[in-house]
Amino acid sequence: MRDWKKAFGQPDDGFTLRVQQTLLAIEEKEEEPVKKKMTLSLAFACILFVTALALSAYAASNILGGRPDETLSPGENSLSDPTPAPTVTPMPSLTPMVPSETIWFGGTIAEPSFLELTLGTPMDETLAALDEKGYARAEAMTAESLGVTRCKWPGANWNGEPCEVRAYFAEAQTLGLGLVFERETSDEALPDLIKSVHACLAAVYGEGTPLAIPEVWPSFALKDLSLAQWSYLNGPRVFLVYQVRRDGLVQVEARIGYADAAMLEPDLMPMVTFEPTPILMALPTPMPMEPMPYWTTPYGNYYHLDEFCSGMEDAMRVSFETAMNMGKQPCPVCVVEYFRGLEMDTAPEAEQTASATLPPEPLPDDAPPFGPDSDGIPLMTDFNQPLRTGEARGWGIDLTDPNRDDFSANREPLNGEYNGVWTNDILTVHNMIFLKTRSAIFMEIEYSMNDNAISPWSIRITPFMEGEAGPLGWHDARVHEVSGEDNTIHYLLSVVTDSPVDFPNITNLWGVYGGAAAEEQRLLGSLGNNPDWGRQYGK
Amino acid sequence: MDSREFAQRVEAMQGALYRVAYGLLLNRADCADAVQEALLRAWEKRGSLREAAYFETWLTRILINECYGMLRRRRAALPLDGLPEPAAPPDADPALHDAIARLDRKLRLPVVLHYMEGYGVDDIARMLRVPSGTIKTRLARARALLRLQLTDEHEEGRNR
């Protein structure tokens, strides 16, 4: 029987001495402020005495000429208290669905049996139909932010394979159905599993878009990040979601539903948000001569160009400035599409603005390439950029907060106090590692803090992408994983593409941290092959 | 917490601090540096310790971060390849030392915290901010590797 504690021996005399010296130094440090505090207390008592004398004299004769409080004008004696804009996330806008979409349920390929999934089927009917199959319903979970409920029926089978049935509902209507397969598999076997499920689905729904397995299979990244990837089969309503979970099990879901079904499960799916926010230079501001009308509702998160976008009712007409002041974001459906067309023309001007706002400091010339050929190849750049929480601008997020992705709710001002311990702490970004796969970019950020005892926190990084055809806009990068073990933050960045399987040709990636307003933003760094390639910005 | 209580609690866990630091740095001289820095930092930030009962876990976490910082600086200053394997301290169990030292750092730290310092899986998971399942897996993998290495070493010893 070995004694584990003898593996590294005992602390030697040098170690013990250093510890004792350090503790002595700490004791001496503690005594110093006590002396100072006593001196200060005496001075403070003197000031209090003099002030009390002056105040009593003022009260007696009003010699200082102060005016009574009632003469203050309205508002002069009150702090402005603007009511914050309500943060209600609207339902994802759903594309119309062809009635009678069906899902293969049970049976074999030779004798498939289908379960009808019809547009707007009441939730009760779908539940009853699935319950009738004899499987016990295990879970009903509602994503409050999306208003979507998911139910599960484990113990089902599909083509003889054990699986789990899932159904997705919103507003008591059926949105989608999924079959989930879960099994242990190796990196090598994973593509085969996905291909076999794909083949079965394709047999029912048709091949559609061929399943593309990348040459460099990013399963290690999928596993590390427990990332879900999806692959569309025949149109956007039939697709596979595959995920290598952290426990090593592979989960493949064949799902049919609305085109927006990918948005139904924010925890599983990388939420795709293509929201160029009007900060720095991404979006052109409306022409001053003819202000463009914008539309919004009091409780909506977005401002729109289309008064009736996604079935919106009772929208009020507002100016761009008003929309901004209300904290509205551009609608991903109508505003983003409109500005995507304009961005091509405004790109050079936009770059100028950025350069003027944030003067670049050159990095070494050997910055790695970031382009179409870098798929699956991790790129790393060393920033070593300290970010002081004591700076007057920007905000951070406590990464141990389970709701850390809700940036609007959890931001903490960097210049404020976070539980009394953040002020003037420093977080240094050492390395940023980028890994591009077919539909996502992973950013791994290595950091250190001068206060190692507190929770890890992060700047929110909002990446801006440029492709060969022009700017691709700002993207929402979600904090996927925080490891205190090696002080890394994993960001996951999904990219909206015209074609679900083709990754856009990203030529440049900029990371920005800070608040929502342009003056609060600081550019952290850039990777790419344009003139701004490999530069770092900020302090 | 005053300096006297701080000192008392640090002295009580001096051995643990040494082993955790050594487990990551595999170098006695660096251990003293890391522990010194961690103690100074912990004293500065003692206000952030909300419950005195968690002092040991809290200080260990600070030390781990300090060690990672040292490793990062060391990695920047030294080439990764060609470094000799660390020699066991004279009073160490050389076979066990070498077997643990050969483990990947991600496996080594849970071994030190669990088997040497007696922390539970959940405590380690909280300390390292990784899921408990991951810690269990790492401990299992570490055990398997250690068993293999120590058996080989035992066999070699018998064949000699």
Side-chain angles (χ1 to χ4, degrees), chain A residues 2-31 34 226 245-249 382 384 399-400 418-422 425 428 430-431 446-456 481-489, chain B residues 2-4 6-7 10-11 14-15 17-19 22-23 26 28-29 31-33 35-36 38-45 47-49 58-59 61-62 64-66 68-69 72 88-93 95-97 99-100 105-106 109 111-112 115-116 127-131 133-134 137 150:
Chain A
R2 291 182 191 270
D3 183 352
W4 285 94
K5 290 196 176 181
K6 286 186 178 167
F8 302 147
Q10 294 300 315
D12 59 9
D13 291 343
F15 180 90
T16 312
L17 189 64
R18 283 283 285 284
V19 171
Q20 293 304 327
Q21 284 172 345
T22 310
L23 292 174
L24 272 175
I26 286 170
E27 201 175 329
E28 283 169 12
K29 266 189 190 177
E30 190 188 28
E31 284 170 3
V34 175
S226 190
R245 296 188 339 204
R246 287 200 193 96
D247 59 9
L249 287 179
D382 192 354
N384 281 324
L399 291 174
T400 57
Y418 179 76
N419 290 333
V421 291
W422 268 18
D425 292 325
T428 305
H430 293 285
N431 291 304
E446 198 176 295
Y447 69 90
S448 66
M449 300 176 66
N450 74 331
D451 178 5
N452 291 313
I454 64 171
S455 301
E481 186 183 63
V482 184
S483 170
E485 187 181 28
D486 50 6
N487 289 4
T488 56
I489 307 164
Chain B
D2 62 14
S3 61
R4 185 166 298 177
F6 183 84
V10 166
E11 278 166 7
Q14 207 174 137
L17 293 174
Y18 164 77
R19 284 184 291 273
Y22 192 94
L26 298 175
R28 251 186 178 168
C31 285
D33 288 344
V35 170
Q36 181 177 9
L39 291 180
L40 290 171
R41 188 148 296 167
W43 174 251
E44 270 176 32
K45 299 291 176 183
S48 66
L49 175 64
W58 174 78
L59 182 55
R61 177 67 238 186
I62 294 176
I64 290 169
N65 279 342
E66 192 54 47
Y68 278 130
R72 187 180 298 116
D91 55 341
D93 175 340
L96 193 56
H97 173 277
I100 294 175
R105 201 196 308 154
K106 285 189 172 178
L109 189 55
V111 165
V112 172
Y115 292 109
M116 294 188 193
M127 213 184 288
L128 303 184
R129 299 186 193 104
V130 292
T134 307
T137 310
L150 292 170

Checklist outcome for this item: When the 4.5 angstrom heavy-atom criterion is applied to B:Ala88 and chain A, the contacting part is neither
Item to check | side-chain contact (heavy atoms from CB on, under 4.5 Å) assessment of A:Thr16 paired with B:Gln14 | outcome: CA-CA 8 Å; A:Thr16 312; B:Gln14 207 174 137; 3.2 Å; yes
Item to check | Largest heavy-atom contact set with chain A, pairs under 4.5 Å, which of B:Met116, B:Glu11, B:Arg4 | outcome: B:Met116
Checklist entry - Looking at A:Ala7 and B:Ala92, what are the two nearest heavy atoms and their distance? => result O-CB, 3.3 Å
Next on the checklist: Restricting to non-hydrogen atoms, name the atom on A:Trp4 and the atom on B:Val111 that form the minimum distance, rounded to 0.1 Å.
Outcome noted: CZ3-CG1, 3.6 Å
Checklist entry - When the ring planes of A:Phe8 and B:Tyr22 are compared, do they come out parallel, tilted or perpendicular, using 30° and 60° as the limits? => result tilted
Checklist entry - Closest approach of B:Leu39 and A:Ile26, non-hydrogen atoms and distance? => result O-CD1, 3.9 Å
Checklist entry - How close do B:Asp91 and A:Gln10 get, heavy atom to heavy atom, and via which atoms? => result OD2-N, 2.8 Å
Next on the checklist: Between B:Asp93 and A:Asp3, does the side-chain contact (heavy atoms from CB on, under 4.5 Å) criterion hold? Intermediate values first, please.
Outcome noted: CA-CA 8 Å; B:Asp93 175 340; A:Asp3 183 352; over 6 Å; no
Checklist entry - What residues form a ring pair (Phe, Tyr, Trp, His ring centres under 6.0 Å) with B:Phe6, not counting sequence neighbours? => result B:Trp43, B:Phe55
Item to check | Among the listed options B:Ser3, B:Ala7, B:Gly23, the residue most often paired with chain A at heavy-atom distances under 4.5 Å | outcome: B:Ser3
Item to check | Proximity breakdown for A:Gln20 and chain B, heavy-atom pairs closer than 4.5 Å | outcome: side chain
